[in-house]
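Reviewing the structure listed below.
Owing to the predicted nature of the structure, the values given are computational and were not obtained by experimental measurement. The first residue of the sequence shown is numbered 1, and numbering continues consecutively from there.
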Amino acid sequence: MAKRKSVAKPAPREMPWWIGYATLALIAVAVYANSLANEFITDDKLQLLGNPLVTDIRNLPRVFGAGVWSFLGYQGNYYRPVQFLAYSLLYCVFGPHAFGFHCVMLLLHVANTILVYSVARRLPGAAWIAAALFAVHPIHTEAVDWIAALPDVLLTTLMVAGLLAFVRQNGAPNRLQSAAHCGLYLLALLTKETGVMLLPLYAGYAWIVQRKRPNVPLYAGMAAIFAFYLALRIHALGGLAPAQQTFLQLGPAAFTMSAAVIAASYFASLVWPTGLNFFHIFHATSQVTPQFVLAVVALAAIAWAAFRLRARWPMVPYSIFWIALTLAPALNLTGVGQNVFAERYLYLPSVGFVWLAGIAWAWLRLAAAPVAWPVAAVLVACSAETVARNPDWKDDFTLLQVTLKQSPESGYLHNLMAGVWVERDQFGRALEEQKLAVRYEPRSVVFHKNLGNILLGVDSAGAAREFEIVTSLQPTLAEGHFDLGLAYRALGDPARAAVEFQRAEELRRANVSAPSNRRPQ
């Protein structure tokens, strides 16, 4: 009997290369589509709508000689001209309409998702799941939904694109490519201070993953760019970081322990992104507490894992290196804003985290396949949380209502809510909120001033008391003396009013209240 010929099975068709990119783009759009109806909120109204450097294109050249808050009369520590350049160009296109700006934020997030996938394609079995997690991770909602977080999202685009090019060039770009990397480095530095980490991220990849010697010509060129940036920054701000300890004043021990706790909290938020909050109230750690011990143990365990896996899976320590390096600037607790722990600061570091998660899932799929696929359902949970979180950023009123339930003891939030009530002509509600703001932050000049302004039309004596506090907290503030003069005049005391008006005029002439490096509180 003749043997039957065995029929060879056809080889499985390989999925077209573009499918991965297309599905990731669709996922990123799907989870943030409901954010496009959101409006401008909080800092958007100041930095964008109320900023002549943005709304008048003739002022565009001035952005390179000004800090982020210089248009309000002080410099601060932030020098980000690319942010205002982007705002100005977008304002020319979309005008004062938030929809166009939110479309750009969403498109940047889609681009970042694709870039994360492009780098991760060198990790077998890990790329798509890593990029999908980046697309839907709930910790990104603040960065993507808030137009003021443009520097975080745009910087991620620049840095991941730079790394992708560096990887494709095998860590050895030619002269023209090196010049392009230097130009990209300058753009990153002018976008946000964290851009300084692009150089060490290149060097770290070459050393940890490629096991190569330093590319001295490239790094020397980037170092020269950094020196040029420092010159621009110091010229614009009047110093390297002139507003240190504006919001927080911590001694060395409290700074170190608090930074460790905050760093561990950031890592925890990447792993378990629940309890999302626009304003996390900061409590300094000034002594050894269980929370501090747990933070140190967790950070040590992460460092140990990076060391142990450096030979077998070099992208594991590099991903941890990426997280630590890009998070480091946010740990300058006395140099950042009042909101010390901010979720938008995790947008760039999360790139390293999703690479780690992708590697872990790929390993799990080989080691315990029945467990791996149910674990992938976490993407659905993250998507649901992101979609549910987006409407919280609809407008100031909605966001503040949600956030005040989470952080009811924040004077900053009560002050913002008072402003919202004033816009709605609800002065009674505004007065309640402003009193709470002063109660929780009694040394804030701005909060007392705002309370005085609300009281001025209904309680002149109360307004006078608030403005007296303003002038005692900041005696050289001309505006404070002028407001006090208005309150005295409303009380029927023209003599005392005249004294305050004269004092305000003297201060203005002496230019004592000219732009300073300290933002009023």
Side-chain angles (χ1 to χ4, degrees), residues 12-38 90 93-94 98-147 149-150 152-161 163-164 270 273 276 343-344 346-362 365 372-394:
R13 292 183 63 184
E14 189 173 320
M15 184 181 295
W17 65 268
W18 56 267
I19 292 292
Y21 291 98
T23 53
L24 289 168
L26 288 173
I27 290 171
V29 170
V31 295
Y32 281 102
N34 64 333
S35 72
L36 298 179
N38 293 350
L90 293 175
V93 177
F94 302 117
F99 176 78
F101 288 86
H102 283 297
C103 285
V104 171
M105 297 295 288
L106 175 52
L107 290 174
L108 284 173
H109 181 60
V110 172
N112 291 336
T113 301
I114 297 304
L115 287 168
V116 167
Y117 177 62
S118 298
V119 174
R121 290 186 72 187
R122 288 153 183 78
L123 305 173
W128 193 91
I129 201 79
L133 180 58
F134 184 87
V136 304
H137 201 300
I139 205 68
H140 294 160
T141 50
E142 177 173 302
V144 180
D145 290 340
W146 193 16
I147 297 166
L150 173 67
D152 297 272
V153 181
L154 180 57
L155 180 64
T156 302
T157 307
L158 297 174
M159 295 186 75
V160 183
L163 178 67
L164 177 62
L270 288 171
L276 301 179
E343 292 161 12
R344 64 186 178 277
L346 280 172
Y347 189 84
L348 176 58
S350 71
V351 171
F353 172 76
V354 299
W355 287 337
L356 279 179
I359 294 169
W361 188 83
R365 192 179 62 171
W373 290 108
V375 168
V378 72
L379 294 176
V380 177
C382 286
S383 300
E385 186 175 358
T386 295
V387 172
R389 172 70 168 157
N390 291 333
D392 291 350
W393 298 83
K394 180 179 183 299

If you compare all heavy atoms of [X] against all heavy atoms of [Y], which two are closest, and at what distance to 0.1 Å?
X: W361; Y: I129; result: CE3-CG2, 4.0 Å
X: G358; Y: A130; result: CA-CB, 4.0 Å
X: L133; Y: C382; result: CD1-SG, 4.3 Å
X: V136; Y: S383; result: CG1-OG, 3.2 Å
X: V116; Y: A131; result: CG1-CA, 4.1 Å

Answer yes or no: is there a side-chain heavy-atom contact under 4.5 Å between [X] and [Y]?
X: V153; Y: M105; answer: yes
X: W355; Y: V119; answer: yes
X: I359; Y: L123; answer: yes
X: V104; Y: F94; answer: yes

_Y117 ring center within less than 6.0 Å of Y21 ring center_ =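 Yes, the ring of Y21 comes within the 6.0 Å limit of the ring of Y117, centre to centre.
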*Ring centroid separation Y32 to H102 under 6.0 Å*: no
Is a side-chain donor-acceptor pair under 3.5 Å present for [Y] with [X]?
X: W128; Y: T23; result: yes
X: T386; Y: H137; result: no
X: T156; Y: N112; result: no

When rounded to the nearest 0.5 angstrom, what is the spacing between [atom1] in [X] and [atom2] in [Y]?
X: T113; Y: L24; atom1: OG1; atom2: CG; value: 7.0 Å
X: W146; Y: S35; atom1: CH2; atom2: OG; value: 15.5 Å
X: L270; Y: E343; atom1: CG; atom2: CD; value: 10.5 Å
X: D145; Y: N34; atom1: CG; atom2: CG; value: 8.0 Å
X: R389; Y: E142; atom1: CZ; atom2: CD; value: 7.5 Å

*Does E385 reach the main-chain N or O of P138 with its side chain, forming a donor-acceptor pair under 3.5 Å?*
no
*Measure from the side-chain N and O atoms of N390 to the backbone N and O of V31, and report whether any donor-acceptor pair falls under 3.5 Å.*
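Such a contact is found between N390 side chain and V31 backbone.
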*How far apart are the C-alpha atoms of L108 and L150, what are their side-chain angles, what is the distance that settles it, and do they pass the side chain to side chain contact (heavy atoms under 4.5 Å, CB included) test?*
CA-CA 9 Å; L108 284 173; L150 173 67; 3.7 Å; yes
*Take the angle between the ring planes of H109 and Y347 and call it parallel below 30°, perpendicular above 60°, tilted in between.*
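Geometry flag for Y347 against H109: tilted rings.
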_Worked check of side chain to side chain contact (heavy atoms under 4.5 Å, CB included) between L348 and D152_ = CA-CA 7 Å; L348 176 58; D152 297 272; over 6 Å; no
